[in-house]
Structure formats: C-alpha cells, structure tokens
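Working notes, structure below.
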Amino acid sequence: QVQLVESGGGLVQAGGSLRLSCAASGRTFSMYTMGWFRQAPGKEREFQAAISSNGGTTYYADSLKGRFTISRDNAKNTVYLQMNSLKPEDTAVYYCAAVRKAYAQAMGESRMYDYWGQGTQVTVSS
C-alpha cells in the first residue's frame, strides 16, 4: 500500500513556474514507477509525465513540448513536476500516481496506475 500526498499547487500568472511535489509513504518507493496526471473541469484525466522506479527513464505527453520536467528523489520518497512557461490552459487539478513497476515508457494511461493522491490545484491566470 502506498499513500501519496501532493503539494505545491497554487495561483500563478501566465509564463510563470511552479514545482509540484508528491510525497509517498512506505519503504518501497524506489520500486514504483511514478506518474503525473491532470484533470480540468469537464475534461478527462490527462497524462503529463512518468518516471521509472530508479529515475533513469522519463516519459512525457507530446503536448508538453519540454515545458514540464519530472524528477524523483528516492531518498526522500518524493517525486516532482517542474512546470515552466505556464499557460491558462494548464489550469487543472494535478495528481500523482504510482504503480509497482520499473519502467516508465508508455505508462501514459491512468488505468495503468494503482495508487493516487488527492490532487493539488494549479490555476494559471492570463
């Protein structure tokens, strides 16, 4: 069982940056692939990025075009999402997710993940 708690969301102006954090419970964090998703009102949950259990491989949604970076610190049981050049359309609730796998490639569907955080709101003003 893994419990995930996101933080770092807030209100930011267009063009600004935020770094989201997701803290995980347990001593087996390093065995989990981690992902970030977001969900805007009235829309489906959308994949953003994933990182392999050892942090060696990352996988991103094509739409991000290099604006977001996922990373992790296994010593701190934490995964991050650095978001730069934010746009109003990035406004959403952002969720982290975990699955006990080693790889991140192609881990872009929410059904692939077993554990979810409660989400953190990101609002980008124009």
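Keep in mind that what you see is a predicted model, and the values were worked out from it rather than measured.
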- Item | Distance (rounded to the nearest 0.5 Å) between Thr57 OG1 and Ile51 CD1 | 8.5 Å
- Message: Could you measure the distance from the OG atom of Ser30 to the CG atom of Asn77? Nearest 0.5 Å is fine.
- Response: 8.0 Å
- Query: Can you list every pair that meets disulfide (SG to SG under 2.5 Å) and has a residue in residues 20-124, with sequence neighbours left out?
  - Reply: Cys22-Cys96
- Item | Partners passing side-chain hydrogen bond (donor to acceptor under 3.5 Å, both in side chains) against Gln3 (at least two apart in sequence or in another chain) | none
- Query: Which residue pairs pass the disulfide (SG to SG under 2.5 Å) test when at least one of the two sits in residues 62-91, sequence neighbours left out?
  - Reply: none
- Message: For residues 29-42, which residue pairs pass the salt bridge (Lys or Arg N to Asp or Glu O under 4.0 Å) check, not counting sequence neighbours?
- Response: Arg38-Glu46, Arg38-Asp90
- Task: State which residues pass side-chain hydrogen bond (donor to acceptor under 3.5 Å, both in side chains) with Arg45; sequence neighbours excluded, sorted by chain then number.
- Result: Gln39
- Kindly write out the residues that satisfy side-chain hydrogen bond (donor to acceptor under 3.5 Å, both in side chains) with Gln105, not counting sequence neighbours, or none if the list is empty. none
- Query: Do Lys101 and Thr33 come close enough that some side-chain heavy atom pair is under 4.5 Å?
  - Reply: yes
- Item | Contacts of Thr91 that satisfy side-chain hydrogen bond (donor to acceptor under 3.5 Å, both in side chains) - sequence neighbours left out | none
- Query: Hey, what do you get for CG (Asn84) to CZ (Arg19), rounding to the nearest 0.5 Å?
  - Reply: 11.5 Å
- Note on the structure: side-chain contact (heavy atoms from CB on, under 4.5 Å) filter on Val122, not counting sequence neighbours, yields Leu18, Leu20, Met83, Tyr94, Val124
- Task: Indicate, with yes or no, if Tyr95 and Met107 share a hydrophobic cluster defined by side-chain heavy-atom contacts under 4.5 Å among Ile, Leu, Val, Met, Phe, Trp and Tyr.
- Result: yes
- Message: Is there a continuous path of hydrophobic side-chain contacts, each under 4.5 Å between heavy atoms, that joins Val93 to Tyr115?
- Response: no
- Taking only residues two or more places apart in sequence or in another chain, which ones pass ring pair (Phe, Tyr, Trp, His ring centres under 6.0 Å) with Phe37? Phe47, Tyr113, Trp116
- Query: Are Met31 and Met112 grouped together when hydrophobic residues (ILVMFWY) are joined by side-chain heavy atoms under 4.5 angstrom apart?
  - Reply: no
- Query: Which residue pairs satisfy the salt bridge (Lys or Arg N to Asp or Glu O under 4.0 Å) criterion with at least one member in residues 70-85, sequence neighbours excluded?
  - Reply: none
- Item | Note, Phe68 side chain near Trp36 side chain (heavy atom, < 4.5 Å) | no
- Query: Are the side chain of Gln48 and the backbone N or O of Gly35 linked by a donor-acceptor pair below 3.5 Å?
  - Reply: no
- Only counting residues at least two apart or in another chain, list the ones meeting side-chain contact (heavy atoms from CB on, under 4.5 Å) with Ala102. Ser53
- Task: Indicate if Leu4 and Leu81 have the same hydrophobic cluster label, given that clusters are the connected sets of ILVMFWY residues with side-chain heavy-atom separations under 4.5 angstrom.
- Result: yes
- Value rounded to 0.5 Å, distance of OG1 in Thr58 from CE in Met34: 14.5 Å
- Nearest heavy-atom neighbours spanning Ser85 and Ser17: N-OG, 4.3 Å
- Does Phe29 have any ring pair (Phe, Tyr, Trp, His ring centres under 6.0 Å) partners at least two apart in sequence or in another chain, and if so, which? none
- When rounded to the nearest 0.5 Å, the distance separating OG of Ser126 from NZ of Lys87 is 14.0 Å
